[in-house]
Amino acid sequence: GGGGGGGGGMMGSSSMSGAGGGGALDACAALDPMNEHHAQTHIPAMEAADGEVAALHRHCAACKDAMAACVHRQLQSISALQSKIRDMRNKQAAFKEVGQRQEAAFRELRIARRIPRVYRACLAEVARRQAHTQLYSAQARQLAERMARSREREVARRDAFVRSHERYLPTDVVAALGLHAPPPQCEVTVTG
């Protein structure tokens with residue numbers, strides 16, 4: 001009975017493994033069409049998508065390289081323009097300084113342009129001053145002559161007075177009164 005039981009146990013296990021083995025084979029057999037479908041449909045689609053992604057990657061890398069080169073060229077251009085701007089500012093400062101010196105030189109030229117007119121005015125002023133000096137000297141001479149004539153008349157009057165009245169007065173009284181004093185004298189001189 002025990003051997004039968006053991007044999008029965010074997011049988012049961014072999015039939016189970018047979019049933020289980022058939023299920024695994026069935027499961028593997030069911031995977032074959034799926035594997036074939038994947039191999040024929042999905043893998044080529046994935047390979048095509050991978051090729052497209054690789055192509056897109058190459059395109060993006062080329063675009064990135066082109067953009068980097070463009071940015072590099074633009075930065076070089078900006079740097080060159082900044083250098084030109086700096087040079088232009090330096091030149092502008094230099095031109096401004098030269099312009100100021102030129103302005104000073106032209107100012108002197110404008111002054112020099114006035115020299116003939118100023119010189120003519122100076123000559124006219126010299127002539128006017130000479131004429132005034134001559135007129136002033138002539139007036140001074142006339143005044144001196146008038147004063148001299150007036151003094152001569154006064155001397156004559158005093159002499160006449162002294163002659164007519166001196167004999168009636170004592171000499172010390174005549175001297176004390178200053179009747180012998182000459183009239184004041186005026187000298188007219190022109191200097192300068």
Side-chain angles (χ1 to χ4, degrees), residues 53-192:
V53 168
L56 180 63
H57 178 264
R58 285 190 301 274
H59 177 71
C60 288
C63 288
K64 177 199 157 266
D65 292 341
M67 287 298 293
C70 181
V71 166
H72 187 259
R73 283 193 306 271
Q74 291 293 326
L75 289 174
Q76 285 178 329
S77 175
I78 289 169
S79 176
L81 287 174
Q82 285 175 335
S83 295
K84 286 182 181 178
I85 289 170
R86 186 187 63 247
D87 292 344
M88 290 299 285
R89 283 185 179 152
N90 292 339
K91 285 180 184 177
Q92 182 184 15
F95 285 146
K96 188 174 183 180
E97 185 179 337
V98 168
Q100 288 171 346
R101 284 199 302 265
Q102 289 294 328
E103 176 63 27
F106 280 116
R107 212 175 302 122
E108 289 180 14
L109 283 176
R110 282 194 291 272
I111 290 170
R113 232 176 63 193
R114 295 179 187 160
I115 289 175
R117 185 175 59 217
V118 170
Y119 186 69
R120 285 193 298 273
C122 287
L123 291 177
E125 179 66 10
V126 167
R128 186 196 69 76
R129 289 182 183 192
Q130 287 175 346
H132 178 267
T133 300
Q134 290 172 357
L135 177 65
Y136 193 74
S137 297
Q139 289 174 345
R141 278 192 303 274
Q142 291 171 359
L143 178 62
E145 290 169 2
R146 277 198 306 271
M147 296 302 286
R149 284 193 300 271
S150 173
R151 186 173 188 280
E152 288 170 5
R153 285 193 297 271
E154 180 62 21
V155 167
R157 274 194 212 112
R158 287 184 184 197
D159 286 346
F161 179 83
V162 169
R163 277 194 307 272
S164 64
H165 294 84
E166 185 177 23
R167 56 186 161 175
Y168 302 109
L169 296 171
T171 307
D172 56 339
V173 172
V174 171
L177 291 173
L179 293 175
H180 285 300
Q185 196 165 4
C186 176
E187 289 184 8
V188 178
T189 57
V190 177
T191 58

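A distance-only check finds no donor-acceptor pair linking the side chain of Ser77 to the backbone of Arg73 [under 3.5 Å]. When atom types are taken as modelled, the side chain of Ser150 and the backbone of Arg146 share no donor-acceptor pair closer than 3.5 angstrom. Judged purely by atom type and a 3.5 angstrom limit, Thr133 uses its side chain to pair as donor or acceptor with the backbone of Arg129. A donor-acceptor pair under 3.5 Å links the side-chain atoms of Arg158 to the main chain of Ala181, judged by distance alone.
The line from CG of Leu123 to CD of Glu125 is 11.0 Å long, rounded to the nearest 0.5 Å. With values rounded to the nearest 0.5 angstrom, Gln76 atom CD is found 4.5 Å from His72 atom NE2. Between the SG atom of Cys70 and the CG atom of Leu75 there is a distance of 9.5 Å, given to the nearest 0.5 Å. In this structure, the separation between CG on Asp159 and NE2 on His180 is 10.0 Å, given to the nearest 0.5 Å. Leu135 CG to Arg128 CZ: the interatomic distance, rounded to the nearest 0.5 Å, is 11.0 Å. In this structure, the separation between CD on Gln134 and CZ on Arg141 is 9.0 Å, given to the nearest 0.5 Å.
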Salt bridge (charged side-chain N to carboxylate O under 4.0 Å, His left out) evaluation trace for Glu152 with Arg149: CA-CA 5 Å; Glu152 288 170 5; Arg149 284 193 300 271; over 6 Å; no
Stepwise salt bridge (charged side-chain N to carboxylate O under 4.0 Å, His left out) check, Arg110 with Glu103: CA-CA 10 Å; Arg110 282 194 291 272; Glu103 176 63 27; 3.0 Å; yes
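The number of heavy-atom neighbours closer than 6.0 Å to CD of Glu187, taken from other residues, nucleotides and ligands shown, is 12 or below.
Heavy-atom minimum distance, Pro182 versus Arg151: CB-NH2, 3.9 Å. Nearest approach of Glu154 to Pro183, heavy atoms of both residues: CG-CB, 3.6 Å. The minimum heavy-atom distance linking Val162 with Leu179 is given by the pair CG2-O, 3.5 Å.
For Arg113, there are no salt bridge (Lys or Arg N to Asp or Glu O under 4.0 Å) partners at least two apart in sequence or on another chain.
Looking only at side-chain heavy atoms (C-beta outward), Leu143 and Met147 come within less than 4.5 Å of each other.
Salt-bridge formation is detected for the pair Arg101/Glu97: a Lys NZ or Arg NE/NH1/NH2 atom is positioned less than 4.0 Å from an Asp or Glu carboxylate oxygen.
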